Protein chains: 2
Amino acid sequence: MTNIKKVSELAGVSTATVSRTLKSPSLVTEKTREKVMAAVQRAGYRPNWLASSVKTGRSNSIVVLVPNLVNPFFMRIIEGIEQAAQEQGYSVLLGDTQGKGMRENEYASMVLSNRADGLIQLDHSFPFSENDASLADTIPMVSVCERIPEKRYPYIELDNYAAGRAVMNHLISYGHEHFGFIAGQRSSQIFRDRFAGMKSVMDEEGLAFDDSMLVGESYQIDTGIEGVRALLDNATRPTAICCFNDDIALGTMHEIHRQGLRIPDDISVTGFDNVRVSAYLNPPLTTIDQPAYEMGRRAFNVLVQMIKQEPLKRSREILPFQLVERESSGPAPSHS
Amino acid sequence: MTNIKKVSELAGVSTATVSRTLKSPSLVTEKTREKVMAAVQRAGYRPNWLASSVKTGRSNSIVVLVPNLVNPFFMRIIEGIEQAAQEQGYSVLLGDTQGKGMRENEYASMVLSNRADGLIQLDHSFPFSENDASLADTIPMVSVCERIPEKRYPYIELDNYAAGRAVMNHLISYGHEHFGFIAGQRSSQIFRDRFAGMKSVMDEEGLAFDDSMLVGESYQIDTGIEGVRALLDNATRPTAICCFNDDIALGTMHEIHRQGLRIPDDISVTGFDNVRVSAYLNPPLTTIDQPAYEMGRRAFNVLVQMIKQEPLKRSREILPFQLVERESSGPAPSHS
DNA sequence: CTGTTAGCGCATTCAC
DNA sequence: GTGAATGCGCTAACAG
């Protein structure tokens with residue numbers, strides 16, 4: 001291990017000068033700078049990042065808590081986070097929680113032990129353990145795309161209510177009247193917002209909603225498959241199915257095809273997220289585009305402000321969505 | 001910042017005892033342990049991870065270099081790495097390189113500065129800069145799914161040659177004779193292996209290969225789209241297209257459909273990776289399944305052995321693949 | 001089993 | 001502009 005002392009001896013200066021040369025070169029004469037740099041080069045010296053972090057008390061790392069790594073929507077958010085972090089000299093510690101509370105606790109405690117300076121949560125749960133909760137009040141944390149209930153942490157999200165309305169308006173404009181809904185986690189705020197948005201339009205149009213048309217409990221492909229089976233068992237079949245993310249929509253389309261039905265001729269399908277593959281499905285999926293990359297960037301920027309104790313302009317950022325109309329949705333089939 | 005000293009005063013013991021109680025509880029009396037734990041609780045104390053790492057010299061973190069975060073195949077590998085790391089008390093620093101050499105250099109240098117103990121490379125390039133290369137010889141590094149040429153680092157990969165053969169045998173058994181190939185990065189070893197495997201079977205069967213039937217330069221959806229356009233412009237149209245990953249296959253299928261052709265009736269399509277969505281495409285994709293998750297786990301386990309300076313049994317692990325036959329491939333169309 | 005002591009490698013006072 | 005000295009928070013060696 002070549003350390004700062006060795007370099008200082010090699011250069012014939014003090015350790016302080018070496019440190020200064022590397023951190024704030026302007027404080028040092030050009031001549032000594034050259035001497036030091038030559039010695040650094042010759043010794044193959046790398047400042048020990050751990051040691052300097054102990055001194056400054058900041059790790060320049062953040063933890064990102066993500067329920068899983070298979071949902072490409074999350075990855076796109078993380079890409080944005082990572083990019084912004086990289087630009088500002090921060091590193092990203094990946095915390096794949098698998099949705100398990102204990103894992104969340106472990107990763108969250110990394111901030112408490114100075115291993116990371118802040119935390120971005122992609123799920124809707126409060127990640128700290130009971131025991132840590134009291135310590136957690138002052139630590140920098142941001143949630144993105146979801147929202148942590150009953151807590152005052154900043155969050156970045158979509159106007160999910162308006163997005164829900166957009167989807168429903170779109171389908172109604174095609175003459176649909178019977179809808180199926182396949183949800184993800186129902187405990188989260190985004191479910192409530194999206195669903196409320198959809199229902200508000202139905203109410204305005206005088207369309208009835210039946211509880212049996214709402215199925216699904218998780219954001220997975222299989223949820224779509226099982227959802228279709230349940231929905232098509234109903235007395236009145238839906239002519240349009242609203243899926244609460246693109247993964248569910250993928251399973252939904254797959255199962256509809258398997259049953260020999262056509263999309264959108266027999267049933268229209270819509271999603272949420274506008275994941276990369278959605279544009280290339282057969283047929284391409286109508287969905288709500290979320291600016292995932294940008295959401296990630298924003299989340300990091302807000303987090304960094306908290307870390308640097310800068311005052312936040314606002315603790316809530318709502319980003320614009322866009323309804324992307326593709327071929328998976330179309331006119332309702334005429335009555336037989 | 002509550003530190004170990006405050007806790008020691010609160011508990012009426014020395015700092016060493018506090019440290020011991022937390023790290024190796026068996027070395028202290030039950031009674032003092034209780035005293036200390038009570039004080040820890042009361043002070044809301046968390047050991048400063050940075051400080052203890054400076055002492056031990058190990059960060060218990062590793063860096064994972066990944067060309068991009070949108071390819072779900074990579075994410076599955078990272079999931080395996082992260083899982084294995086978590087089990088052994090390591091954290092994963094995410095290094096999204098975007099395939100850029102400078103980014104690789106930066107992330108790789110984290111190992112040189114004690115920010116991480118080791119490195120897993122998912123791309124095929126040597127990640128260190130010219131300048132760092134000499135220091136890099138002794139650092140723990142593993143590559144997975146790709147292989148770093150001219151270097152002696154361990155790697156985990158598939159028998160890509162055999163997999164290439166399997167794909168070609170499958171298609172030939174369906175009577176295909178005219179093939180198109182849409183490749184990803186041609187500079188990598190896996191391209192050479194897979195392609196050589198395919199070609200070896202063609203040679204054995206006396207089937208000719210024409211350079212114009214090989215197109216594509218990157219592992220992206222668009223590559224598939226452009227690839228199809230190029231291939232279908234040829235004098236003799238292929239009846240089967242071998243894509244070098246599932247993303248390319250996705251674009252390929254999309255463009256074939258857009259041109260009004262049917263899969264597999266007019267053209268068969270095969271992929272590589274068996275990404276999660278591939279099973280749900282319309283039609284489902286025939287592809288080579290790679291045990292990505294397991295590859296990630298293995299890579300981490302090998303890396304940890306290197307970090308701990310344990311001798312490696314072997315520096316090369318070949319994992320089994322599997323040809324997954326789905327509906328995107330079928331009998332060659334009969335001659336018109 | 002516990003306390004004292006001495007660092008880990010570096011950044012930052014304070015003199016000069 | 002530079003050097004000497006101090007300490008970040010913790011762990012490990014040694015004594016007792």
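Every chain is numbered from 1 and lettered A, B, ... according to where its sequence line falls, protein lines coming before strand lines. All of these numbers come straight from a predicted model, not from anything done at the bench. Both backbone and side-chain heavy atoms feed into the values below; hydrogens, waters and symmetry mates do not.
Comparing B:R46 and A:V13 by the nucleotide of DNA chain D whose heavy atom lies nearest to each, the residue mapping closer to the 5' end is A:V13. Along DNA chain C, the nucleotide nearest B:T17 and the nucleotide nearest A:T17 are compared for position; the residue whose nucleotide lies closer to the 5' end is B:T17.
Nearest to the side-chain atoms of B:R20 among the listed nucleotides D:dG9, C:dT2, D:dT11 stands C:dT2. Of the candidates C:dC10, D:dT2, D:dG3, the closest approach to any side-chain atom of A:Y45 belongs to C:dC10.
Residue B:T32 is classed as a sugar-phosphate contact, given heavy-atom separations below 4.0 Å to backbone atoms only. At a threshold of 4.0 angstrom between heavy atoms, the contacts of A:V54 include nucleobase atoms, whether or not backbone atoms are also involved.
One interatomic measurement links the two molecules: NZ of B:K5 to P of D:dC8, which rounds to 8 Å at whole-angstrom precision. Between B:R58 atom CZ and C:dC8 atom P there is a gap of 18 Å when expressed in whole angstrom units. The distance from atom NZ of A:K23 to atom C1' of C:dA11 is 9 Å, rounded to the nearest whole Å. Atom CG of A:L50 is separated from atom C1' of D:dT11 by 14 Å (rounded to the nearest Å). Summarising the geometry, the separation between CG on A:L22 and P on C:dC10 is reported as 9 Å, rounded to the nearest angstrom. Between the CD1 atom of A:I4 and the C1' atom of C:dC8 there is a distance of 13 Å, rounded to whole Å. The nearest whole Å value for the distance from the CG atom in A:N48 to the P atom in D:dC8 is 18 Å. The CD-P distance, from B:E9 to C:dT4, rounds to 12 Å in whole Å.
When atom types are taken as modelled, the side chain of A:N114 and the backbone of B:W49 share no donor-acceptor pair closer than 3.5 angstrom. Between the side chain of A:S109 and the main chain of A:L112, no donor-acceptor pair closer than 3.5 Å is present.
The phosphate of C:dT2 (OP1 or OP2) has no side-chain N or O of B:S14 nearer than 4.0 angstrom. Between A:S19 and C:dT12 there is no side-chain polar atom (N or O) within less than 4.0 angstrom of OP1 or OP2. The side chain of A:N3 contributes an N or O atom lying less than 4.0 Å from OP1 or OP2 of C:dG9. Residue A:T29 places at least one side-chain N or O closer than 4.0 Å to OP1 or OP2 of D:dT2.
For C:dG9, its base never sits under 3.5 Å from the side chain of A:K55 at any donor and acceptor pair.
The six-membered or imidazole ring of A:F300 lies near that of A:Y90, with a centre-to-centre distance under 6.0 Å. Taking the six-membered ring for Trp, A:F126 and A:F128 have ring centres closer than 6.0 Å.
Listed by chain and residue number, B:R298 satisfy the salt bridge (Lys or Arg N to Asp or Glu O under 4.0 Å) test with B:E294 (two or more places apart in sequence, or in another chain).
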